[in-house]
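Everything on this sheet refers to the single structure shown next.
The model shown is predicted, which means the values in this text are computed figures rather than measured ones.
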Amino acid sequence: MPGRSLGDYARPIYNQGLSSVRPPSIAANNFELKQGLLQIFQNYFVFRGKMNEGPNTHIMDFEEIMNTFQYNGVSQVIVYLTTFPFSLKDDAKQWLRSLPTGSIRT
């Protein structure tokens, strides 16, 4: 078995598909995110974690958009936690995936 390279040590540990974001359980049995909402984040309001991007600005933009959507019978916290990972890419997404499973609950 070959040794590990220095780059192998720099990569975050993959948490086997278990997300670091753990929303509370959902009582509504028909909850699903609207495709248009996901497309808005993936196409226009994505945060990559680059030096020229402001994380606080991203959070403010995220909340501004999220406040325009309402899901009956589902708390806003659940909708936020379910949607937020779709607003991240590149370095920011790697950071999120490197966190311990279920560590983000609010």
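Side-chain contact between Q76 and N67 is present, with heavy atoms from C-beta onward closer than 4.5 Å. Taking 4.5 Å as the limit, some side-chain heavy atom of P85 sits within range of a side-chain heavy atom of K93. With contacts defined as side-chain heavy-atom distances shorter than 4.5 Å, the pair I65/L37 qualifies.
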As a quick check of understanding, evaluate side chain to side chain contact (heavy atoms under 4.5 Å, CB included) for F86 and L33, giving each step before the final call. CA-CA 11 Å; F86 292 99; L33 293 174; 4.2 Å; yes
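We find the CZ-OG1 distance between F45 and T57 to be 11.5 Å, quoted to the nearest 0.5 Å. Rounding to the nearest 0.5 angstrom, the gap separating the OG1 atom in T83 from the CZ atom in F69 is 9.0 Å. Here CG of L96 is found 12.5 Å from CG of D91. Values are rounded to the nearest 0.5 Å. Remark: H58 NE2 to E63 CD distance equals 10.5 Å, nearest 0.5 Å. Remark: D61 CG to N56 CG distance equals 11.0 Å, nearest 0.5 Å.
When all heavy atoms of Q70 and K34 are compared, the closest pair comes out as O-NZ, 4.4 Å. The shortest non-hydrogen separation linking G49 to A92 is N-CB, 3.8 Å.
Using the six-membered ring where Trp is involved, F62 and Y80 have ring planes that are perpendicular, over 60° apart on the 30 and 60° scheme.
The closest donor-acceptor contact from the side chain of T82 to the backbone of V79 lies at 3.5 Å or more, if one exists at all. The backbone N or O of M60 sits nowhere less than 3.5 Å from a side-chain atom of E64 that would complete a donor-acceptor pair.
For K89 and F41, the positive end is not near the middle of the six-membered ring at less than 6.0 Å and at most 45° from its axis.
By the rule that hydrophobic residues join a cluster once side-chain heavy atoms approach within less than 4.5 Å of another member, W95 and V46 end up as members of separate clusters.
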